[in-house]
Amino acid sequence: MDFVKELRWRGMLHDIMPGTEEELNKKMTSGYIGFDPTADSLHVGHLTQIMTLIHFQRAGHKPFALVGGATGMVGDPSGKSAERNLLSEDTLNHNVSCLENQLKKFLDFDCGANSAVMVNNFDWFKNFSFLDFIRDVGKHLTVNYMMAKDSVRKRLEGETGMSFTEFSYQLVQGYDFYYLWKEKNCQVQMGGSDQWGNIVTGTELIRRKSGGSAFALTTQLIKKEDGTKFGKTESGAVWLDPKKTSAYKFYQFWLNTSDEDAKSWIRIFTLKSQQEIELLEVEHNQEPHLRTLQKALAEDITVRTHSEKALETALKTSDFLFGNGSLEFLLELNQSAVLDAFEGIPQFKISNKQLLSGIILTDLLTELTTVFPSKGEARKMIQGGGVSVNKEKVLDSGQTFKLDNLINGQFLIIQKGKKNFYLLIAE
RNA sequence: GGGGGGGUUCCAGAGCGGUCAAAUGGGACGGACUGUAAAUCCGUUACUUCGGUUUCGAAGGUUCGAAUCCUUCCCCCCCCA
C-alpha cells in the first residue's frame, strides 16, 4: 500500500513537502501527529488525524501519536482569533491520559517493527529551562520568520493582539519535531492543514540546527458542503468518549450527513476500498432515500470507535425512535430491554406520587427534567408544534399527565423537535 | 508615563434621556416539504404564577424617567514615549 497515494484517492491530502513521497516509498519511515489535550476526550474532528495515522501504519510505516502535555500549556494560536485561557496542570494531566487511552484503540501498539508509539512532549520539556530554550532553539529562527506565519499575522492585524506565550507556540511545537527527529528518527510530521505553519517551523529548525532534512504533509480540513463547521451538533461537539456523546448520538451524527458529504466522508473516515465505496455509491444513487452511504459510514465508524455491541444498541434505538408503529414495539419489551434500547438517550426519573395528581406539561419539561431551560421556552416550543409525548404532538402547554399516560405503566417518551428524545421513568 | 478609541442580549453590530427586552445581520432552535438529506419557505430567540420581574463591563449618583448624562473602579484595543 502506498501511503500518499492512499491519501490522495481518499481526498485527504492537502499539502505535501517536496521529497516526502519519495522518502516514504524508500523504506519504513517514522512519522507523527500531535494532539492537543484541550479536553478530556478527542472528538470527531480528530478522526481525520487518527485515520491518517492508521493509513500510515497500514502502509508499513511507524506512527507516533504525540500528546501535547507541554504544548497544551502554551496554547496553539492557529485558527484562534483571541488569546486562550491556560489550562491548569491537573486538568492537563488528566486530559493527556484520557487522550492516550482513546488513541490506543485505533492504532496497533504491538505488531513488531512498525508498532505505534505514544509520546508526550512534556517529557522532554519538563527539564528544559527557559534560558536553554531561547539559546538552543530560539536563536535559530528569526522573529521575522515567525511573524510571517498566518496564525501570527492574523492576530497581529486583528484587534486582540497576542501574548508572547502564544507567539512562542510554534517554536515549542517546532522543537517537538526536532526532538523526535533526533531521538526517535521521526522524519515526517503530519497534521491538519492549519498546522502547516507549525510543522514547517519544525523542518526549518531541523535544517538550521542540524542541517538535517525532514518531511511534512497535511490533510484537508473537513468541511461540510453547506459551509458550516464539521463536527458540531446542537448539543456541541461530537466526542469519541461515550460518556460525553453516547454511541447512539454518535451513530446518529454520521447517519445524518448529507448525500454530498457522505460521499467524501466515507472515503476519509472508513477503511473501505475504493471499489467497495464506488459500489455503495451506485447503490445509493439508485435508491437515495435508503441512505446506503450514510448507513455504511455510520456503522463503520461506530464499530471502530465504540464496539459492535454499541452499534447494535444504537441501531435498535434508532429503529425504535424513528421507525413506524413503535409504541407497540415498546409494549412487548420488559423494563430492562427498554432501558437497554434507550441507553443512549437522556433519561429522567419521576415519582408515581406526582403523577397521581397529574403534572402540568411545562413543569414536567422544566422542573422535573431539563428538557427545556425555562417555561417560556417550553411554552413557545409547544405552541410551535415542536413537542411530542409518546409520539403524539402536544399543542396545549397546560395539559396534565397522569399515571394512565404512561406506557407499560412506567415510561413516558418526550420528543423535542424531530430528533431529540428523552425517556421519563416513573417509579 | 502621555494621547485616542472601546466594553450592548449566543456572536457581529446599531441605539446615545422616555415610543428599548433594545434595529439589522449571522448563528441556533422549531414548523412545513422530504429520505432522520440538501435546497426552499415560515416562526421563535431574557424570565414570568402573563399582573409584572431582572438585563446593556462593575458600583454609586443626577432625573418623574437612563443602555443613553455625571463620578469612581475594572477590562480591552490603537498610537506616542
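Since this is a predicted model, take the numbers as computed values, not measurements.
For the C1' atoms, the distance linking A14(B) with A58(B) amounts to 24 Å, nearest Å. Nucleotides G3(B) and U8(B) have their P atoms positioned 25 Å apart, rounded to a whole Å.
Against RNA chain B, the stretch residues 294-302 of chain A makes heavy-atom approaches under 4.0 Å through Gln294(A).
Taken together, the paired segments of RNA chain B that extend over three or more consecutive Watson-Crick or G-U pairs, each closer than 3.5 Å at both contacts, are B:1-7 with B:74-80, B:10-12 with B:24-26, B:27-32 with B:40-45, B:57-61 with B:69-73.
Between Lys209(A) and Asp136(A), none of the side-chain N atoms (NZ, or NE/NH1/NH2) sits under 4.0 Å from a carboxylate O, so this pair counts as no salt bridge. In this structure, Arg58(A) does not pair ionically with Glu6(A), as no charged nitrogen and carboxylate oxygen lie closer than 4.0 Å.
Of all non-hydrogen atoms in Thr245(A) and Ala237(A), the two that sit nearest each other are OG1-O, 3.8 Å. The two residues Lys272(A) and Leu280(A) have their closest heavy-atom pair at CD-CD1, 3.9 Å. Nearest heavy-atom pair, Phe177(A) versus Ile199(A), reported as atom, atom and distance to 0.1 Å: CD2-O, 3.9 Å.
Counting any heavy atom pair closer than 4.0 Å across all strands shown, Lys380(A) reaches sugar-phosphate atoms only and no base atom. When heavy atoms are screened at a 4.0 angstrom cut-off, Gln383(A) is found touching no nucleic acid atom at all. As judged by a 4.0 angstrom heavy-atom cut-off over every strand, Lys263(A) is placed among residues making no nucleic acid contact.
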task = Dump the intermediate steps for side chain to side chain donor-acceptor pair (under 3.5 Å) on Asp176(A) and Trp124(A), then the final yes or no.
result = CA-CA 8 Å; Asp176(A) 281 343; Trp124(A) 53 85; 2.9 Å; yes

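Glycosidic torsion of G51(B) falls within 90° of 0, placing the base in syn.
Phosphate contact (OP1/OP2 of U48(B), side-chain N/O of Ser374(A), threshold under 4.0 Å): present. Regarding contacts with the backbone of U44(B), every side-chain N or O of Lys416(A) stays at 4.0 angstrom or more from both OP1 and OP2.
A cation-pi contact, defined as under 6.0 Å to the ring centre and within 45° of the axis, links Lys416(A) to Phe372(A). For the pair Arg208(A) and Tyr145(A), the cation sits on the ring face: its NZ or CZ lies under 6.0 Å from the ring centre, inside 45° of the axis.
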